[in-house]
Amino acid sequence: ARRMVDMQRAVLAMGTPVVAAVQGPVRAGGIGLVGACDVAIASRSATFALTEVRLGLAPAVISLVLLHRMTPRGAQRTFLDGEVFDGEAAAAYGLVTEAVDAEDLDAAADHVCAALLVGSAQGQRETKLLLNRAVLADLDARREEVATTSARLFGSEEAKAAMGAFLRRKG
């Protein structure tokens, strides 16, 4: 849990903009990393799910980033129902910047990167600090709290039973 917080923090604090081009299934910590990126473009057919609630868990660690990125109602729904949603919904919920057709994903990411290359390094670095100040402060202040919560939930009997049942279905 602490390493996931650290990975999210590294993306947020990086001095240069980070762009994600998202396709395929995104789950668990991957959703937190997408949320940490400065610009995230998803294929409309990409799928996302915060399935922790179905396993007796909570998306505690990734909530530190997602609650700053997603709309309150989008977070409420996706955190509580655990259902799969697509790239269009991810954009509507604020998880990603925009959703495009799968065949346009690389071109859209290239366009964003080309636009970012025009900016000055100092301007982008300082702007990232302004944009990410609140989420970084929240990450730093609540790192141990969410790590402890995550460990407690993963060690619970309810979560162990749910994960065991899930693994038996997959096997």
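No experiment lies behind these values; they were computed from the predicted model shown.
Side chain of Thr78 to main chain of Gly74: a donor-acceptor pair is present (N/O by atom type, distance under 3.5 Å, no hydrogens or angles). Remark: the backbone N or O of Gly164 is paired with a side-chain donor or acceptor of Arg168 at under 3.5 angstrom. At least one donor-acceptor pair closer than 3.5 Å links the side chain of Arg69 to the backbone N or O of Gly35. A distance-only check finds no donor-acceptor pair linking the side chain of Ser150 to the backbone of Ala147 [under 3.5 Å]. Asp86 contributes a side-chain N or O that, together with a main-chain N or O of Ala89, makes up a donor-acceptor pair within less than 3.5 Å. Remark: the backbone N or O of Gln124 is not paired with any side-chain donor or acceptor of Thr127 at under 3.5 angstrom.
Note: Glu145 CD to Leu64 CG = 8.0 Å, rounded to the nearest 0.5 Å. Considering CZ of Arg142 and OG1 of Thr148, their distance stands at 11.5 Å, rounded to 0.5 Å. With values rounded to the nearest 0.5 angstrom, Asn132 atom CG is found 10.0 Å from Arg9 atom CZ. Atoms CZ and CG, from Arg2 and Asp6 in turn, are 9.5 Å apart once rounded to the nearest 0.5 Å. Distance check, rounded to the nearest 0.5 Å: CD of Glu126 to CG of Leu131 gives 11.5 Å. Between Asp138 atom CG and Leu67 atom CG the span is 8.0 Å, to the nearest 0.5 Å.
Under the 4.5 Å side-chain heavy-atom criterion for ILVMFWY residues, no single connected hydrophobic cluster contains both Val135 and Leu130. Linking ILVMFWY residues whenever their side-chain heavy atoms come closer than 4.5 Å, directly or via other members, leaves Val112 and Leu33 in distinct clusters. Following chains of ILVMFWY side-chain contacts shorter than 4.5 Å, one can reach Phe79 starting from Ile31, so the two form part of one hydrophobic cluster. Hydrophobic clustering, with ILVMFWY side chains joined whenever heavy atoms are under 4.5 angstrom apart, keeps Val11 apart from Val22. Cluster annotation: Met4 and Val18 are assigned to distinct hydrophobic clusters (Ile/Leu/Val/Met/Phe/Trp/Tyr, side-chain heavy-atom contacts under 4.5 Å, transitive).
Within 6.0 Å of atom CD in Gln23, 12 or fewer heavy atoms from other residues, nucleotides or ligands are found, so the atom counts as exposed in its surroundings. Surrounding CD of Glu158 are at most 12 heavy atoms belonging to other residues, nucleotides or ligands under 6.0 Å away. Other residues, nucleotides and ligands contribute only 12 or fewer heavy atoms inside 6.0 Å of the CZ atom of Phe154. Atom CD of Gln122 has 12 or fewer heavy atoms from other residues, nucleotides or ligands within 6.0 Å.
Using a 4.5 Å heavy-atom cutoff, the side chains of Leu139 and Val5 are in contact. You'll find the side chain of Val39 reaches within 4.5 Å of the side chain of Ile41, heavy atoms only. Counting heavy atoms from C-beta outward, Met14 and Lys128 have side chains that approach closer than 4.5 Å. Taking the side chain as every heavy atom from C-beta outward, Gln8 and Val61 approach each other to under 4.5 Å. Within the 4.5 Å cutoff, the side chain of Phe166 has no heavy atoms near those of the Thr51 side chain.
Evaluation of the ring-ring contact (aromatic ring centres under 6.0 Å, His included) rule for Tyr93 yields Phe85 as partners, not counting sequence neighbours. Partners of Arg44 according to the salt bridge (Lys or Arg N to Asp or Glu O under 4.0 Å) rule, which considers only residues two or more places apart in sequence or in another chain, are Glu88, Asp101.
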Legend entry - Full working for side-chain contact (heavy atoms from CB on, under 4.5 Å) between Leu66 and Leu50: CA-CA 11 Å; Leu66 298 182; Leu50 291 129; 3.8 Å; yes

Inset, instruction - Might you work through the side-chain hydrogen bond (donor to acceptor under 3.5 Å, both in side chains) test for Arg27 and Thr47, ending with a clear yes or no? - result: CA-CA 8 Å; Arg27 305 292 186 270; Thr47 61; 3.2 Å; yes

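Nearest heavy-atom pair, Ala36 versus Val65, reported as atom, atom and distance to 0.1 Å: N-CG1, 3.5 Å. Of all non-hydrogen atoms in Ala60 and Val146, the two that sit nearest each other are O-CG1, 3.7 Å. When all heavy atoms of Gly87 and Ala42 are compared, the closest pair comes out as CA-CB, 4.4 Å. Taking every heavy atom of both residues into account, Ser156 and Leu153 meet most closely at OG-O, 2.8 Å. In terms of heavy atoms, Ala159 sits closest to Leu57 at CB-CD2, 3.7 Å. Heavy atoms only, all atoms of each residue included: Gly123 and Ser120 are closest at N-OG, 2.9 Å.
With respect to the salt-bridge test (charged N to carboxylate O, under 4.0 angstrom), the residues Arg54 and Asp81 do not qualify.
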